[in-house]
Amino acid sequence: MDLKSAFANVLKSQVLSSWTEEDLLSLIETPKHVHLGDLAFPCFKLAKEYRKAPGAIAEELAGKLASPLFSKVEAAGPYVNVHFDSAAAGKEIVDSILQHDEQYGKHSFGSGKTVVLDMSSPNIAKPFSMGHLRSTVIGNGIANLAEACGYETVKINYIGDWGTQFGKLIVAFKKWGDEEKVKENPIAELFTLYKKFHEEAALHPSLEEEGRKAFKLLEDGDEEITRLWKWFKTESLEAFKTIYSLLGVEFDSYNGEAFFNDKMDEVVELLEEKQLLETSQGAKVVRMEDESLPPCLIKKTDGATLYATRDLAASLYRHREYSFDEALYVVGQEQTVHFKQVKEVLQKLGYEWARNMKHIPFGLYLKDGKKMSTRKGRVILLEEVLQEAISMAHDNIKKKNPDLKDADQVARDVGVGAVLFHDLKNDRLNDIEFSLEHMLTFEGETGPYLQYTHARAQSILRKAGVSHHSTFVGLEDKASWEVIKQLRLFPETVERAWKNYAPSILAKYLLELAKSFNSYYGNTKILNDDSKQASRLTLVYSVASVLSKGLGMLGIGAPKEM
Ligand code: ARG
């Protein structure tokens, strides 16, 4: 039994029978400060029921609760705090890890439910930005957490492949483009053309009109224009797929904006039926309840549809196709208003399920404190960052472990892991200052630090010839107890990280686990051929397994040797 349940069980015997063990379990907390104890039970709710002061209840309960698993039970204000007995609780914790084995850290509360994630979603003919990196890795982390909790996931890459910008690009290509050049380096070349369009349009405003017309032709299915657009798209997707394979991210669907081109009439009809459309300066809009929000633009004066129209069509489609329990949009916080609008429009249409759509925003990568913008050229190319990280990891291997097998794979895991962890350890809403140097530091609170810790544990296991969990008779030293306490927190950390859509919670936990393990390792002779050796190895095995599973959930590989 895990220790929270054990605590709930002991509490149950001392409170009114109307309180179930579930009720009690849901109230138990982990104290903010370790010196307060390992678990805490707040007495506010009980106090209401008993019509007594919470402090008095806590005093009373503390006197009555006893278990061989607890070394101390004490009241602290309105809380009953419990300190574990390291020997008894330690054995209980490790036994539970042994018993769950590969399932340790996983949950089943999500089983039978589906989470749809809208993630990555770069725009074709434009560079894959650091913002798209954030969406990809945060989205992938959240999806892995959902799966660890039992959910089915559907990862959708809602490619930005529709909109007036493609009209502009087509005009630019026809005027100044070179097919060979595009083939050689599609994204960079198309992006250069796109930028040139904007420069020229500043001097010759009539270009804008040409762009709009070209997009109209595309919407109407003009053959030549469609052929160009398709080609741009194929080339771009190919380039994006190189990045996804480096990152190890896969998608269940690539249905982007263009896929919904023929599915928007339905949205407009529904809105008309419910009389939700208003005309504002020639455009069709839906007004928001909250007057401070701009109205949601559905159709432009010339009849062209918009980003929001496509997102509305996409949400209807996804609800039908996947009947999701939750739909998460992992998109930068600058699109907060957009998602508020889309959700409100769906609610106005009477769709209850719109409540289960959530925008999961994240902050920006800044360069010298400023937003990186594709237009102004302050843009960092993700692929270059990844390649650089991988080559640094290679150099490191050459220096430290020149005979390493699978050196290429390890360098990839480490280089990519460095970039990913640098992002995922931050609360997603924070802005991150882009610094290659910090990203590629293989010490301190980094991905490579966790990977080294894991590899170190694996190397002990290799020396001892241990390849699976064995037995645990108990360990008495303080350092091992610190590790065991961290191991205990893995399942609840996974749950909390999922419930907050916050891979950073897991990332920070893994750092704590690694720290506790490294100080254990530094103070203990693990291979000492005594009666406790098997228990120590079991601990090492458990740490290795939690580190590798945890990193895996963050989308980071954990090589066995580095
Ligand atoms: N392609 C968009 C961009 O790069 C992001 C799309 C986000 N997803 C959505 N369903 N709107 O800004």
Side-chain angles (χ1 to χ4, degrees), residues 115-140 142-143 153-166 168-169 187 190-191 194 215 229 232-233 236-237 239-240 243-244 249 251-261 263-264 267 296-298 305-322 324 326-346 351 353-354 356-365 371-375 379-382 428 501:
V115 178
V116 168
L117 297 105
D118 184 305
M119 50 183 263
S120 196
S121 312
N123 303 318
I124 64 164
K126 277 200 191 168
F128 194 101
S129 71
M130 295 302 285
H132 295 120
L133 170 72
R134 296 211 75 186
S135 172
T136 311
V137 305
I138 295 170
N140 193 48
I142 295 175
T153 64
V154 183
K155 289 181 274 185
I156 302 178
N157 196 340
Y158 185 66
I159 298 282
D161 54 3
W162 209 245
T164 30
Q165 69 270 33
F166 297 104
K168 297 177 186 175
L169 185 62
I187 305 245
L190 292 174
F191 188 48
Y194 183 70
F215 181 59
W229 171 80
F232 295 163
K233 184 165 161 173
S236 302
L237 279 180
F240 293 155
I243 293 176
Y244 295 135
V249 175
F251 298 92
D252 301 295
S253 161
Y254 275 89
N255 286 340
E257 293 186 45
F259 179 78
F260 298 97
N261 189 30
K263 298 173 183 61
M264 282 180 287
V267 173
C296 183
L297 266 171
I298 304 292
T305 56
L306 290 115
Y307 186 48
T309 331
R310 288 188 282 282
D311 253 323
L312 287 165
S315 66
L316 292 179
Y317 176 87
R318 289 175 190 173
H319 187 256
R320 258 177 226 140
E321 188 75 9
Y322 308 113
F324 55 73
E326 277 185 59
L328 308 180
Y329 292 82
V330 188
V331 185
Q333 63 189 349
E334 65 280 5
Q335 296 196 26
T336 299
V337 170
H338 166 75
F339 286 106
K340 274 193 185 154
Q341 292 173 321
V342 168
K343 191 164 168 169
E344 185 171 331
V345 171
L346 290 166
Y351 296 120
W353 51 261
N356 305 325
M357 287 170 49
K358 291 180 194 154
H359 176 209
I360 310 296
F362 51 80
L364 299 167
Y365 266 100
K371 181 178 168 11
M372 297 199 278
S373 130
T374 22
R375 286 271 185 83
V379 54
I380 287 157
L381 299 182
L382 173 63
R428 64 176 153 72
Y501 311 116

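Residues: numbered from 1 along the sequence shown. Computed over heavy atoms, backbone and side chain alike; hydrogens, waters and symmetry mates excluded. Both ligands and their constituent atoms are indexed starting at 1 by order of listing. All figures in this text were calculated on a predicted structure; none of them were measured in a lab.
- When each atom of ligand 1 is checked for a heavy atom of H132 under 4.0 Å away, the hits are 3 (C), 4 (O).
- The shortest N/O to N/O separation between S121 and ligand 1 falls below 3.5 Å.
- When only interatomic distances are considered, the shortest N/O to N/O separation between Q335 and ligand 1 falls below 3.5 Å.
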From CA spacing to verdict: ring-ring contact (aromatic ring centres under 6.0 Å, His included), F324, W353 | CA-CA 9 Å; F324 55 73; W353 51 261; 5.8 Å; yes

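- Side-chain rings of F232 and F166 stay apart, their centers remaining 6.0 Å or farther from each other.
- Any N or O atom pair closer than 3.5 Å counts here, and Y158 shares no such pair with ligand 1.
- The line from OG1 of T136 to CZ of F128 is 3.5 Å long, rounded to the nearest 0.5 Å.
- With a 4.0 Å cut-off on non-hydrogen atoms, F339 touches ligand 1 through its side chain and not its backbone.
- For W162 and Y307, the ring centers are positioned 6.0 Å apart or more.
- The aromatic rings of Y244 and F251 lie perpendicular to each other, with more than 60° between the two planes, well past the 30° mark.
- Polar contact with ligand 1: present for N123 (N/O pair, distance under 3.5 Å).
- Within 6.0 Å of NZ in K340 there are 12 or fewer heavy atoms belonging to other residues, nucleotides or ligands.
- Distance check, rounded to the nearest 0.5 Å: CD of E257 to OG1 of T305 gives 9.0 Å.
- Ranking the protein heavy atoms by distance from atom 6 (C) of ligand 1 puts Y307 OH, 3.2 Å first.
- Closest protein heavy atom to atom 8 (N) of ligand 1: D118 OD1, 3.0 Å.
- Short contacts between ligand 1 and Y329, defined as distances under 4.0 Å to a heavy atom of the residue, involve ligand atoms 10 (N).
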